[in-house]
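A short write-up of the structure that comes next.
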2 protein chains.
Amino acid sequence: MSAEPAAAYRMPNQSEIRIETVLQALADPVRLEMVRQLAKDDGELTCGAFDVPVSKSTLTHHLRTLREAGVIGGRPQGTTRLNWLRRKDLDALFPGLLDGVLAARH
Amino acid sequence: MSAEPAAAYRMPNQSEIRIETVLQALADPVRLEMVRQLAKDDGELTCGAFDVPVSKSTLTHHLRTLREAGVIGGRPQGTTRLNWLRRKDLDALFPGLLDGVLAARH
DNA sequence: CTCGTAGTACGGTAGCCATCGAACTTCGAT
DNA sequence: ATCGAAGTTCGATGGCTACCGTACTACGAG
C-alpha cells in the first residue's frame with residue numbers, strides 16, 4: 001500500500017559521500033570493472049548491459065553497493081534501470097581519484 | 001642458516017603494483033588513517049609511531065598489507081623499522097589517486 | 001652476557017560479504 | 001488479462017580478514 005520508492009532508489013547526496021565507503025566499493029574487482037564500463041563514453045547502462053561474470057542477483061547487490069557508496073546513480077526506465085557514474089560529485093570531493101583509478105592498466 | 005631477509009621485507013616493484021590490491025589496501029579505515037599520517041610532511045614513521053587504535057600485532061598486519069600492495073615501503077633501522085609512502089610510484093601508475101584520497105575531508 | 005625495546009610470527013575467533021538459486025514484483029506488449 | 005522480460009529480495013553458505021594475545025626474534029645499551 002503506497003509502498004515507498006524501494007530502498008533501491010536511495011543514494012547519498014554529495015555531502016554524504018565518504019571516502020572510506022567509496023574505496024570499499026571500488027575495491028571489489030567486479031565492481032571496479034563495472035565502473036570501468038560505465039566510464040566508457042560517459043554513458044548509461046542498464047543492469048543487464050554490464051559484462052561481468054556474476055549472477056543477476058549478485059549484480060544487483062554490486063549495483064546497490066556502488067549506489068549507496070555514491071559512486072553511481074540510477075533511475076528506473078520502463079522495466080529496466082539506467083545506471084551512470086557520478087563523476088561530477090566524485091571529482092568535486094576527491095579530485096583525481098577516479099581518473100587515477102581509471103588510468104590503471106588492466 | 002643464513003636465514004632469508006624475512007617475508008616482511010618483500011614489496012612489489014612498481015610494475016607489479018595492481019590497482020585492485022591498492023584499493024583493497026586503502027579501503028580499511030585503520031590503514032587509510034596510517035596512510036594519512038605517512039602523507040603528513042612526507043616523512044618516515046616507525047611502526048610504533050602510528051597513532052591507531054589497534055594492537056601491535058594488528059598494526060604489523062596492516063603494515064604488511066600496505067607494503068605488499070605497494071602502497072608503502074619499509075627499511076629496518078636498528079631495532080626499529082622506517083615506513084614511508086611510495087608516493088612517486090603511485091603517482092606514476094595512478095596519477096591523481098593518492099591526492100584525491102588525501103583530499104577527502106575526515 | 002643480560003636485559004629491554006621494537007617488531008614479527010602464529011593460532012584462533014568473530015564478523016563481514018561475495019556468491020548463488022529461487023521466489024517475488026513491476027512494467028510493457030500482445 | 002496474460003505473458004515475458006528486467007530487476008529486486010530473501011535466505012543460506014563459504015571464504016576472507018581484522019583482530020587479539022602469546023611466543024619469538026633481533027638489535028642496542030649497559
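From a predicted model like this one, the values you see are computed outputs, not experimental measurements. In what follows, chains carry the letters A, B, and so on, assigned in the order in which the sequence lines appear, proteins first and then strands, with residues in each chain numbered from 1.
Rounding to whole angstrom units, CG of residue A/Leu82 and C1' of D/dT8 are separated by 16 Å. B/Gln77 has its CD atom 14 Å from the C1' atom of D/dA26, to the nearest Å. If you take CD of A/Glu68 and C1' of C/dC17, they are 13 Å apart, rounded to a whole angstrom. Counting to the nearest Å, the C1' atom of D/dC19 and the CZ atom of B/Arg64 are 15 Å from each other. The NE2 atom of B/His61 sits 13 Å away from the C1' atom of C/dA9 (whole-angstrom rounding).
In this structure, the side chain of A/Asn83 does not engage the main chain of A/Gly74 through any donor-acceptor pair within 3.5 Å.
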Do any side-chain atoms of residues 90-102 of chain A form donor-acceptor pairs under 3.5 angstrom with protein atoms, and if so which ones, sequence neighbours left out?
none

Which side-chain N or O atoms in residues 18-25 of chain B pair as donor and acceptor under 3.5 Å with protein atoms at least two apart or in another chain?
| unit_1 | atom_1 | unit_2 | atom_2 | d |
| --- | --- | --- | --- | --- |
| B/Arg18 | NH2 | B/Thr21 | OG1 | 3.0 |
| B/Gln24 | NE2 | A/Ala27 | O | 3.3 |

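Against DNA chain D, the stretch residues 17-41 of chain A makes no heavy-atom approach under 4.0 Å. Interface residues of residues 45-54 of chain B facing DNA chain C, ordered by number: B/Thr46, B/Cys47, B/Gly48; criterion, heavy-atom separation under 4.0 Å.
For the side chain to side chain donor-acceptor pair (under 3.5 Å) test, residues two or more places apart in sequence or in another chain that qualify with A/Asn13 are A/Ser15. Residues passing the side chain to side chain donor-acceptor pair (under 3.5 Å) test with A/Asp51: none are found, sequence neighbours excluded. Residues satisfying the salt bridge (charged side-chain N to carboxylate O under 4.0 Å, His left out) criterion with B/Arg105, sequence neighbours excluded, are absent altogether. Considering only residues two or more places apart in sequence or on other chains, B/Thr80 meets the side chain to side chain donor-acceptor pair (under 3.5 Å) condition with none of them. Checked against salt bridge (charged side-chain N to carboxylate O under 4.0 Å, His left out), B/Asp42 has the following partners two or more places apart in sequence or in another chain: B/Arg87. When the side chain to side chain donor-acceptor pair (under 3.5 Å) test is applied to B/Gln14, no partner is found at least two apart in sequence or on another chain.
The hydrophobic cluster containing A/Val54 also contains A/Leu38, counting ILVMFWY residues as joined when their side-chain heavy atoms lie under 4.5 angstrom apart, directly or transitively.
The shortest side-chain heavy-atom distance between B/His62 and B/Glu33 does not fall under the 4.5 Å cut-off.
One finds no side-chain N or O of B/Arg81 lying less than 4.0 angstrom from the OP1 or OP2 phosphate oxygen of D/dA26. OP1 or OP2 of C/dT8 sits under 4.0 Å from a side-chain N or O of B/Thr60.
The residue A/His62 sits close only to the backbone: its heavy atoms come under 4.0 Å of sugar-phosphate atoms, none of a base.
Among all heavy-atom pairs drawn from A/Cys47 and A/Leu63, the shortest one is SG-CD1, 3.5 Å. For the residue pair A/Asp28 and A/Val30, the shortest heavy atom distance occurs at OD1-N, 2.9 Å.
A residue-by-residue look at A/Thr79 and A/Thr65 shows that A/Thr65 has its nearest nucleotide of DNA chain C further toward the 5' end.
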Between the protein and nucleotides 21-24 of chain C, which nitrogen or oxygen pairs are less than 3.5 angstrom apart?
| unit_1 | atom_1 | unit_2 | atom_2 | d |
| --- | --- | --- | --- | --- |
| C/dG21 | N7 | A/Ser57 | OG | 3.3 |
| C/dG21 | O6 | A/Ser57 | OG | 2.8 |

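Axis angle, first five pairs versus last five pairs of the helix from C/dC1-D/dG30 to C/dT30-D/dA1: 30°, rounded to 10°.
One distance of note links CH2 of A/Trp84 with CD1 of A/Ile72; it measures 9.0 Å at 0.5 Å rounding.
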